[in-house]
Structures are given as C-alpha cells and as structure tokens.
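The next block holds one structure in the form of structure tokens; read it before the comments.
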2 protein chains.
Amino acid sequence: MNEMDISLILFTLDQGKIKVLLLHREEEPFRGYWMLPTVSLKENKTIEELVEEHLHTLGMKGLCTKQVGVFSDLKRVPKTRTLGLAIMSWIDTKSFELKETIREEHNWFELDLLPKVIYDHQEMIEKAQESFISVLLHTNELLTLFPSDFTLPELQDTYEELLGYSLDRRNFRKKLIQYDVLEDTGYKNEGMNGRPAKLYRFKEDSDLTNLF
Amino acid sequence: MNEMDISLILFTLDQGKIKVLLLHREEEPFRGYWMLPTVSLKENKTIEELVEEHLHTLGMKGLCTKQVGVFSDLKRVPKTRTLGLAIMSWIDTKSFELKETIREEHNWFELDLLPKVIYDHQEMIEKAQESFISVLLHTNELLTLFPSDFTLPELQDTYEELLGYSLDRRNFRKKLIQYDVLEDTGYKNEGMNGRPAKLYRFKEDSDLTNLF
DNA sequence: CCAAAAGTGTTTTCAGTACACCCATGC
DNA sequence: GCATGGGTGTACTGAAAACACTTTTGG
C-alpha cells in the first residue's frame, strides 16, 4: 500500500563527457528546479511497460534499461510516503534528437555541472552513474553510444572519463588496433584546430568487454 | 498504491559451492514448497530498516545488503498485485549458526540443487546470483566469507565456481602468494583423504579486487 | 604399499607501460 | 610560420599460461 514513482536517469556520451537528461519543472512546488523525468507506477502496468511508454513520449524506443534501486526514505518527498524507483538508460546524441515539444523543457547536463535537483534525485543520479560506468566498461553497450564517425581522441577521452584516470595516447591506439574493432571511414574530422583526426566506426560484433 | 514484498536472497559459500537459504512453507497456498524469506513493506519503515529487522529474526546482524531488483509482473503472485523487491545478502557458514527455532524450517541449498520455489523466486535467485558473483569478484567481501582456517584448494574451488572455469593449481597458489594476502595458521586440515592441506587465514586489509 | 589429494619451479609468451618526435591543418 | 592537436615506433618489464613430478597422509 505504497505510492511508487519511477524516475528515469537517461545518460548520453558527448565529446568524452557523460551527460544526463533533466526536466525543467514548471509547477509548484519546486517550480523552476530541475528534476529527473518521473512517472507514477500504475496498478495495471509493469515497470517495464511504464518505462517503455515514458521513453516513447520522449521520442525514444527500444532502449536497454537497468534498475538502479528503490529509495524508500520516509521523507524523500513531502506529504505522502512515496517509494522512488530509479531506472537508468542511455542513448547516443548523434542519432537522436529530442522531439520539438519535449526539447524546450529538457536539457542535457554534464555530471559535474548539474543544477540543483529536487528530492533525492541527486542521489539517484550518483548511484545510476556508477551503474552506467560499470555497464559501459563491462558490456558492449558502448558500441550503441558510438555510432559511425568518431575520432580516437574522443573515444580515449570517454574511457578516461569512465575510468577516472588518463591513458597514454600511443598505447590506447595500439590496444584498439590490436583488438581489431575499428574501421576507418576514410574521412577526417576537419575544421577543428590542429591536425584533423581520422574518423572511425566500430566493426560489427566488436568485443570491448575486456578492454579495461 | 501497490503492495510490496521484500524477499531475501541470502548466500553463503560452503566448500567451494554457493548456497542459498530457503524457507519451508507451512501454510497454504503452496504448503510444502520452498520459498525465499519474505516480509511485506510497511508504510512507516524504510526498506533498510525492514531488512535489518528481518535479518535479526534470523539471528544475523550488520550484514551488507544489495538490492537486486523490483519484479512487477501483474501475475507474479495470485490475487492482489504485489511488487517483489529482491534483496541480496551473504554470510559465512562457519561463524554462524541459524537460531534453533529458525533452523527447523530453513535450509541451505546449492544453486544447482534447488527445490521448486514459489512465485518468481527462482528468477530472483538467478538474478541475485549474478550480482553476488560480481560483488565477490570485484570487492573484498570474499574476506568476510572466508574467516580463519581455510585451505587453498577450497579457495580455488570457490574462485572456479565464481568464474565458471577451472584454474591451474600452481598458478593459483603463485598468484595468491604474490599478492601477499595469506597468513599460514600453522595448522593442517587433517582427517581427510590424501595429504592434509595447510590452513590459512587472510591478512588484515587484503585487497582481492584485482585478483580475477 | 596403494590411493588420494596437496605441494612445488621453470620456461615461454604476450600484454602493459614508458617514452619523444613528426605531421596535417587553420589562421 | 606558428600554434594546435593528431599520429606513430621501440624497448623494457612483469604477469599469465603451460606444464609433470614429488610429498604427505589414511587405510
């Protein structure tokens, strides 16, 4: 006999940084604050169905999701006791654009530049972040976040962000080449400062699970 | 506005095998079946409080726990819609004995010798198992499950169970010795078949996180 | 003395690490 | 031509893997 809210922690990778999608709250209380996109659990729906529906309203579908945890503190939201289920998912920025109507009130934020968020959403984000990093390092989900045309320095920046320490450029390249997961697109990333970087894509069925 | 049950998946390691604690159900429906120890979430308690209390009734306290996931299928239990939260924990068999009153109706089962369990408890156990293995391989919780006086072959059996493949005995020993985590107790495991194995304990503050 | 399980060393191989200079572009 | 960032090769080191015989106990 408890209310339960489902909050979505949606991550993306952009230029080697992890970003999370937040919604700008237009109603009281906490009007003007940012928050995680959240829905209430209905009695006639499973969690998976609700999450799928909610992602659909954001213009996404078929994403992998992962439960992060249930938050049950008695005062986590004002008034009635409400459980908070945190669900994590991820999508790539390049092949995805937020629907026009949705975009206005949503925004991607870098993890170390988060605005103040309501309730225990900060805690949810932190816990989801751990889980996200772990998924990226130990599965092949990174492939879905790096569709065609990325540069090696960009990939290296990403791994440095995930691992929390920096890597030697030459050794990083050597490793990726050795693992035989890269395909040269033949194009270069022109128009930037300095020498243009080659653009790559991942080969089909690449296995990154043991890279780091 | 949903009921929620909290089910405990309590693991232990015994002679290189993972075991899970099940309760023999004495009431209808499903009288005679086995199940995970389960309590209902109250409106005035957090999940952590309830789990702690429940563990206390089993005679354990201060254990680490980890949420495994919420199961929300509409028909996972008969009659009313009830969410199922699976919570995993672990304890060592040697330093722990089930309370007399509790022991009668509970039993430890090896994972590949599980009896039939009710509802979706099988699924919970499987998901918890993954999580348990991951915790043991990537944290130092194994230390709490191997208090003083274990043999190296026993430890090796455990790692083989966790990893799902077998290890070379000489290389295993070499690695453990190299990591400098073992302390010889001076005793031997006598009375068994064959040459008695030396008994070890882990040194304080050993780090096993990068062993495998 | 036989069966059963524990203990022990060496060699090879491969991946990780450290490290400094040249190259392609924009301005 | 200079600033900026990208690309490249080599030598060293240390861990992982492969592998067979001896030792200690109980019966």
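Quick note on labels: first sequence line is chain A, next is B, and so on, each numbered from 1.
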[X] has an atom [atom1]; how far is it from atom [atom2] of [N], in whole Å?
X	N	atom1	atom2	result
A/F150	D/dG6	CZ	P	15 Å
A/L176	D/dG7	CG	P	12 Å
B/R170	D/dA20	CZ	P	8 Å
A/Q178	C/dG16	CD	P	7 Å
A/E154	D/dG5	CD	C1'	14 Å
A/L167	C/dA18	CG	P	11 Å
B/Y165	D/dA16	OH	C1'	11 Å
A/Y159	C/dG16	OH	C1'	16 Å

task = Specify the residue among B/L152 and A/E190 whose closest nucleotide of DNA chain C lies further upstream toward the 5′ end.
result = B/L152
5'-most by nearest nucleotide on DNA chain C - A/N210 or B/I177 = B/I177
key: Inter-end axis angle, the helix from C/dC1-D/dG27 to C/dC27-D/dG1, with every axis fitted to five base pairs (rounded, 10 degrees)   = 10°
Could you tell me how the ring of [X] sits relative to the ring of [Y]: parallel (under 30°), tilted (30 to 60°) or perpendicular (over 60°)?
X	Y	answer
A/H138	B/H138	parallel
B/F132	B/F11	parallel
B/F212	B/F172	parallel

inquiry  = Need one value for B/K175: base, sugar-phosphate or nothing, where a base atom within 4.0 Å counts as base even if backbone is also close, heavy atoms only.
reply    = sugar-phosphate
ask   = At under 4.0 Å between heavy atoms, what does A/K174 touch on the DNA or RNA strands: base, sugar-phosphate, or nothing?
value = base
ask   = Is it true that A/R201 and A/E183 make a salt bridge, defined as a side-chain N closer than 4.0 Å to a carboxylate O?
value = yes
The side chain of [X] is closest to which nucleotide in this list: [options]?
X	options	answer
A/P153	C/dC19, D/dG6, D/dA17	D/dG6
B/P196	C/dG9, D/dT25, C/dA5	D/dT25
A/K198	C/dG7, C/dT8, D/dG7	D/dG7
A/K188	C/dT8, D/dG7, C/dA24	C/dA24
B/R195	D/dT8, D/dG7, D/dT23	D/dT23

Closest contact, heavy atoms only, B/S148 versus B/T185 = OG-CG2, 3.9 Å
ask   = Is there a donor-acceptor pair under 3.5 Å between the side chain of A/E160 and the backbone N or O of A/L167?
value = yes
inquiry  = Using a 3.5 Å distance criterion without hydrogens, assess whether the side chain of A/T46 forms a donor-acceptor pair with backbone atoms of B/D73.
reply    = no
query = Is any side-chain nitrogen or oxygen of A/R173 closer than 4.0 Å to OP1 or OP2 of D/dT8?
reply = yes
task = Answer yes if the side chains of B/D14 and B/T12 hold a donor-acceptor pair under 3.5 Å, and no otherwise.
result = no
inquiry  = What I want to check is whether an N or O donor and acceptor connect the side chain of A/N171 with the base of C/dA18 at under 3.5 Å.
reply    = yes
query = Under the 3.5 Å rule, do the base of C/dG7 and the side chain of B/R169 count as making a donor-acceptor pair?
reply = yes
